[in-house]
Amino acid sequence: MSASIEKQTEAKEARFWDKLIRISMKEAGVAIALILILAFFSATAPYFATPENFLKIFVQIAINTVLAAGMTFVILVGGIDLSVGSLLALCTVIGATIMINPAFSPWQAIVLACLASMGTGAALGAVNGWICEKWKLPSFIVTLGMLNVASGLARVVSDNSTITGLPQPFVDFGNLIFWGIFPSIFMIAIVVVLIGWFVLRYTVFGRFVFAIGTNEEAVRLSGHQPKRYKIAVFTISGLTAGIAAMVYLLRLNVGSPVAGIGYELNAIAAVIIGGTSLSGGKGSIIGTLVGACILQVLSTGLQLLGADDNIKPIVIGAVIVLAVILDSYRGRLMRILETR
Amino acid sequence: MSASIEKQTEAKEARFWDKLIRISMKEAGVAIALILILAFFSATAPYFATPENFLKIFVQIAINTVLAAGMTFVILVGGIDLSVGSLLALCTVIGATIMINPAFSPWQAIVLACLASMGTGAALGAVNGWICEKWKLPSFIVTLGMLNVASGLARVVSDNSTITGLPQPFVDFGNLIFWGIFPSIFMIAIVVVLIGWFVLRYTVFGRFVFAIGTNEEAVRLSGHQPKRYKIAVFTISGLTAGIAAMVYLLRLNVGSPVAGIGYELNAIAAVIIGGTSLSGGKGSIIGTLVGACILQVLSTGLQLLGADDNIKPIVIGAVIVLAVILDSYRGRLMRILETR
Amino acid sequence: MSDAADDDILRLEGIGKRFPGVVALKDVSMRIGRGKGHVLLGENGAGKSTLINLLGGVFRPDDGHILFDGKPYHPASPLEAFKAGIRVIHQELHPLSNLTVAENLLFEHLPRRYGLVNYKAMNARAAELLEEVGLDVAPTTLASRLSVAQLQLVEIAKALCYESKLLVLDEPTATLTSKEVDRLFEILKRLKQRGVTTLYISHRLEEIFDVGDDVTVLRDGQHVITRPLSGLEIPEIVELMVGRKLADHGIFKGDSTVSGEALGVSGLKVTRNSPELSFSVGKGEIVGIAGLVGSGRTEAVRALFGADLKAAGEIRLNGEPVEINSPKDAVAAGLCLATEDRKMQGLMLDMSCAQNATITDLGKISRNGLINRKAEDDHSQRLVRELRIKTPSIHQAVRTFSGGNQQKVVIAKWLFRGPKVLIFDEPTRGIDVGAKAEIYELLWKFAAEGKGVLVVSSDLPELMGICHRIIVFSDGKIAGEIVREQFDESRILSLAYKEYSRVRQH
Amino acid sequence: AEKPKVGLIMKSLSNEFFKQMKAGADKYAAENKDKFDFKAVGMKDERDFASQVDAVENFVTQKYDIIVVAPADSKAMATPLAKAVKAGVKVINIDVPLDADAKKKAGIDLAFFGPDNKEGAKLAGDALAKDLGPGAKVVILEGNPEADNAKERKEGFMDSVKSGKLELLDSKTAHWETEEANTVMTNFLTKYKDIQGVMAANDSMALGVVKALDAAGQAGKIKVVGFDNIPPVQPLIKDGKMLATVEQYGAQMAVMGIDYGMRELAGEKFTGWVKTDVKLVTSADLK
Ligand SMILES: Nc1ncnc2c1ncn2[C@@H]1O[C@H](COP(=O)(O)OP(=O)(O)OP(=O)(O)O)[C@@H](O)[C@H]1O
Ligand SMILES: Nc1ncnc2c1ncn2[C@@H]1O[C@H](COP(=O)(O)OP(=O)(O)OP(=O)(O)O)[C@@H](O)[C@H]1O
Ligand SMILES: [Mg+2]
Ligand SMILES: [Mg+2]
């Protein structure tokens, strides 16, 4: 009798662990790779495992995390958004231009700039989505077009110059650190990620994002309009580009038409390393956060290790691939766990 | 009686035209956009419609055409290859290093360099494919890793410097012009495209490329190994990167670790504008050639028109999207033609 | 010993196969006699396709071993299966839609010369094969243009073009009408004369007597019995399959009173040049649509539902004209359509049963845009129970479901929405007898609730069993309408052929 | 006779330095509308010299008489410019000198009108050395490692390190970019606790450096020098957050290039290096 109870508790415990492992693996399985990388650098790189260093990594991670959060939505519906980098550039120059306009009080300027930056991003994102859906075009090429257009616009708006002199309250907020370790811009990024996570997991909209990524035609034939949701998803990606632009301004205090070059690939890499499938329908935004961490930790860790500038890209490229290879074993492991 | 014969001939003629239109539309429907663009610049841009200008466009087009030809294969099986730009860089520096090695006679050096360049490209392409297939990883992330690795290698090999002093016969061949208008490197590009076209259209391998892009599982169930073909396809893409590197050396006579930055997006854009579907299984390499032409003609035409540097990207971005929009109407037109 | 090896072409011993959360096959041992027509039966999810996938080299068994033609047989890939002489026509179609019919047919070994495709030889050979299965399309047609049934025929033709020792057919007739089925059986007979063994799976129990000598029944992944077919009756077989006696499902229960019009269609034109279609479905009435493969039934109901743009036509629901330009309009107006192709159009395969079932009406399980997990689980739990969907959990991805259970999920999602008029395109495709009976009960229940039901089916006996009225399509036109009292198989068939024979005459 | 046509080919226009160059050249051209026609082009990415080659070819197609060019690569641009010379175009090399070897191989002998990047960098480096005194610990932020001016500036900085007896802690590239410079500097601050001075190879990177110091509360304490004298750094110099930068008179350089081009067209011939000014800019200059 007691033996059977023992067995039951054991079984329950085993199940509990199974479940825990399974859930954490599902949401952020690539975290294993991150932990390995963190362990490696903590052991080898001087000053790596210090609070100050983590604070700095948090700062460095924020922009890509925000961009990648929006990108996760796009990739989940099976699209891609190459325009986020230059949308960011455009939004930084628009935001900065408004902020340094002497006609406004600092606070007015800040509020207006945030609205304009996020509005511009969202509007152009919506244009991306609308064109894709209206003519049924691949988002790759539409957003590639937008990449060029937005980068041209950024040059025109800024007249090719770096814009400085942002209002003091704004700069101060950018320097703020919460609880001694979390910089304000990191908090923004985390809030964005949490909202994204919540939306994807708990809302009807999130359900549609996954459903459309899995089988758009089935969603359409179930009496819905995937079109709307897809446009919304691109709008979100544009919006996060606008938010990322604000984060950029908070971090660097300058708006620049050449900001954000190549950021789209970084954001996409974070999403994919995080386990979201490029063909849509599968993935998690928490994974994206982990993916962004991997990319930045690698780069910072290598610098602290004193790696040669030429060797760095080689190591980063190799580790990106190793991380996804490791992640592929997670899939197998999960299958094994489940067939037990 | 005679009336009916007349009708028959009419019907035959009508069918002939239908067929011609349909075939040309299928192989290179986006050519309509190209023709419109050519007409526009001929009418507005000074010096545009001159033989010298076309000769220059042919020169400028060659590198992207070669890269895009290989990329067409990859995209047809539903993959993507982001590494071609930095593979090109790596191959230029390897090729150039060998060519300037005084231990070889010029001809030896040229042959060796060509082999090394194409061999390196093909080998690293094969590595891309092998990693993708071995662990079932998305090619996007694997080739993104390779992008970094190859670019680092190019820097290491060249020690960050531009390599000059290629042997004279090589330089001379690069300057060769056939029939007064076709530069040698354009001829190389055309040969690559024609071979690609032939392979895709007439060989068993070509059928496999389309079949795998359409339904990989079906190919597997038919008793084949899609894996092999996919590795072959990435090898082809790497090989064309190696060839493009030779074309680059022929054109610019220097090897450089920063050659090819951003070329991957250009190549992908050419392929997609040319009507090949990113999800695989549909497309044509002739379309790719047209796509590459559109991109280059646009950029040259705008410069001859004297467009502002800031406005140029805006126009290019817009026209890329317009071209694919126009192309989407072709699909509808074909459907109408067929349901007649 | 050697005797037995001579008699049996295939022997399975203690075969087991597990998937995440399910045991698909457990300790299955069976033999198949050389040169026999062997029928494999079982409910949905009994493990038939799994067994066949093991034979075809798609999966590997977890336990047990297989002897084929006297030799141990452990195929690691479909190619090895082909080499050993086993060919499989899979239940799920895998067309190469961007390739031509000829290329699809001969893809296993494209006629080639120096690595180049020999198009001439290929098209000629393909034309022969198409002729053989009676599929009237040009070899150069793109496979994407074929309907599901036509693809099924291509799949059959494909298996015929190479010699094999064992031919496995997993529900080849699910989408076929009697014309093609007859053709198929002729072919099978010819193969049998050549000494080819066939392993045949079907849920249409009437037809198995035409092709089978022996029968094996699986239940819940376990072997129940293998015996000669002769002397067996359908009710007996059904009992073996489901493990209990089943009420006769053939009895018509559409005793609801038909009153007024639920769905009215007038002047529906699928394309500009296609004929006008007009028909109606009464409240409480089940109307069947019969016709040959490619007669345009699917096209008509898709256009009606707004899934494809229609060229013209007026649609009335409960007498009120409704504007339907998209599935959204249709669903909002109270229509629903269970599509013919459940995999591509009906289901989100990688999502859970619960998520699939509730996609039609997320409003019911959410408040202020937030999903109420408990409501979702409760509702889907109820649907799973009502429809007896076989699954370890409502959170299981429907990709892992057997075909029949997938179909039930499609029905579940529309049941969840609660429409006024239900349109089913091949609702029992690939569904076992037990489930069929359940689905018929459901249709009658819908009718009894005063809803209109429109059923497209290629299974004529089925239509005759469940409908109040049958509309017969022929070459895109409505060739005639027959009420229950006058149901007669040969009459319906002659209507279905009507337009085609007229074309011939010209 | 027709007016001569003058084309100016720069590197990336989003680089402030070239923006100033273009502004100066445009202004000069507007004042001399009657003497010549003028067109300036920049590249999207300054590393992409292939598109600079395109631009040269396009000017040749359009029968330009004079091409004033700031080469994106000193070796690579020699051959295409030689082709232009052979096509009868007067080519004026400004900003970055073409590689001597490459010129010889291409069979051209062009004069160079431009600053000495090494000397300029040394000016900035020396200012830093003077401010900090011998033994001070410094780091360098390099430009694109393959770029000629980046290499020269690094050499200049290294000379200062040697002559000023500074201790060089580390030298890394930040690819001319603000954000990357910010990241690299932040990591330097983690790794080295006693940095006293920073030499940044351009002002865009200096902006990122200063921001990193700001965030660490070290602005003004750790001295920073930059290069290019772009407008956004001027307030930083005034506030003491930056010690100095280097002005290389981009506008003047282009105007000079155009002038010398016109003179070559008139039959004069120049060779060698016509040096243009480089000047250290400190808070004293900005009052
Ligand atoms: N790839 C898979 N992954 C997980 N489970 C699977 C997979 N394939 C089949 N199953 C499960 O194995 C069991 C047997 O399925 P199978 O497809 O063999 O049934 P079947 O007898 O062919 O049914 P049907 O008549 O409906 O086609 C089912 O419970 C099914 O859910
Ligand atoms: N995408 C398509 N493009 C062109 N023709 C098509 C397409 N889909 C179907 N057809 C053709 O339209 C006709 C009607 O097909 P439909 O699927 O409506 O027939 P059906 O009566 O439902 O038969 P089935 O039993 O095949 O479902 C067929 O001849 C088919 O070949
Ligand atoms: Mg089955
Ligand atoms: Mg049908």
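Throughout, protein chains are lettered first and strands after them, A, B, ... in sequence-line order, and every chain is numbered starting at 1. Predicted model, so just to flag it, every value in this text is computed and none were measured.
Residues B:Gln60 and D:Glu57 meet the side-chain proximity criterion, which asks for heavy atoms closer than 4.5 Å.
In plain terms, the two heavy atoms of B:Val254 and D:Phe49 that are nearest each other are CG2-CE1, 3.8 Å.
At a heavy-atom separation below 4.5 angstrom, chain D is approached by no residue within residues 84-97 of chain B. Residues of residues 144-159 of chain B lying under 4.5 angstrom from chain D, judged on non-hydrogen atoms, are B:Arg155 in numerical order. The contact list for residues 32-41 of chain D toward chain B, using heavy atoms and a distance under 4.5 Å, reads D:Lys39, D:Ala40, D:Val41 by residue number.
Looking at B:Gln296, the atoms closer than 4.5 Å to chain D (heavy atoms on both sides) all sit in the side chain, from C-beta outward. When heavy atoms are compared at a cutoff of 4.5 Å, B:Ala307 approaches chain D solely by way of its backbone atoms N, CA, C and O. The contact between B:Ile261 and chain D is made entirely by side chain atoms (from C-beta outward), counting heavy-atom distances below 4.5 Å. D:Asn58 touches chain B through backbone and side chain together, each having a heavy atom under 4.5 Å away. With a 4.5 angstrom heavy-atom cutoff, B:Tyr263 touches chain D only via side-chain atoms. Looking at B:Asn53, both its backbone and its side chain come within 4.5 Å of chain D, counting heavy atoms on both sides. In this structure, chain B has heavy atoms under 4.5 Å from both the backbone and the side chain of D:Asp54. Residue B:Ser299 does not touch chain D at all, counting heavy-atom pairs closer than 4.5 Å.
Considering only heavy-atom pairs separated by less than 4.5 Å from chain B, the leading option among D:Ala106, D:Ala102, D:Pro80, D:Ala50 is D:Ala50. No other option in B:Gln168, B:Lys56, B:Glu52 has as many heavy-atom pairs under 4.5 Å with chain D as B:Lys56. When the candidates D:Lys75, D:Met77, D:Lys151, D:Gln62 are compared by the number of heavy-atom contacts under 4.5 Å with chain B, D:Gln62 comes out ahead.
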Practice problem: Take B:Leu82 and B:Ile268 through the side-chain contact (heavy atoms from CB on, under 4.5 Å) test and state the conclusion after the steps. | Solution: CA-CA 9 Å; B:Leu82 297 179; B:Ile268 297 170; 3.9 Å; yes
Practice problem: Could you go through the side-chain contact (heavy atoms from CB on, under 4.5 Å) check for D:Lys11 and D:Asn149 one step at a time? | Solution: CA-CA 12 Å; D:Lys11 297 203 233 169; D:Asn149 50 353; 3.5 Å; yes
Quiz item: Should D:Asp228 and D:Arg153 be marked as a salt bridge (charged side-chain N to carboxylate O under 4.0 Å, His left out) after you check the CA-CA gap, both sets of side-chain angles, and the distance that decides it?
Solution: CA-CA 11 Å; D:Asp228 281 348; D:Arg153 287 178 199 180; 3.8 Å; yes
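Rounded to the nearest 0.5 angstrom, D:Asn182 CG and D:Leu207 CG are separated by 10.5 Å.
Side-chain contact, B:Glu264 with B:Ser83: no donor N or O sits under 3.5 Å from an acceptor N or O. Side-chain contact of B:Thr162 with D:Asp73: a donor-acceptor pair under 3.5 Å is present, judged by distance alone. Of the N and O atoms on the side chains of D:Lys122 and D:Ser160, not one donor lies less than 3.5 Å from an acceptor on the other residue. B:Ser161 and D:Glu146 share no side-chain donor-acceptor pair at under 3.5 Å.
One finds no salt bridge joining D:Lys103 and D:Asp101 here, because no Lys/Arg side-chain nitrogen approaches an Asp/Glu carboxylate oxygen to under 4.0 Å. Salt-bridge formation is detected for the pair D:Lys118/D:Glu155: a Lys NZ or Arg NE/NH1/NH2 atom is positioned less than 4.0 Å from an Asp or Glu carboxylate oxygen.
Every residue two or more places apart in sequence or in another chain that forms a salt bridge (charged side-chain N to carboxylate O under 4.0 Å, His left out) with D:Glu179 is listed here: A:Arg251.
The aromatic rings of B:Phe48 and B:Phe54 sit perpendicular, their planes meeting at an angle over 60°, well past the 30° parallel limit.
Each of D:Ile66, D:Ile92, D:Val6, D:Ile94 was checked for a side chain to side chain contact (heavy atoms under 4.5 Å, CB included) with D:Ile258, and the lone residue meeting it is D:Val6.
Taking a 6.0 Å sphere around NZ of D:Lys86, one finds it holds more than 12 heavy atoms contributed by other residues, nucleotides or ligands.
Here the side chain of B:Ser117 pairs a donor or acceptor atom with the backbone of B:Gly242 at under 3.5 angstrom. Formation of a donor-acceptor pair under 3.5 Å by the D:Trp273 side chain with backbone atoms of D:Gly114 is found in this model.
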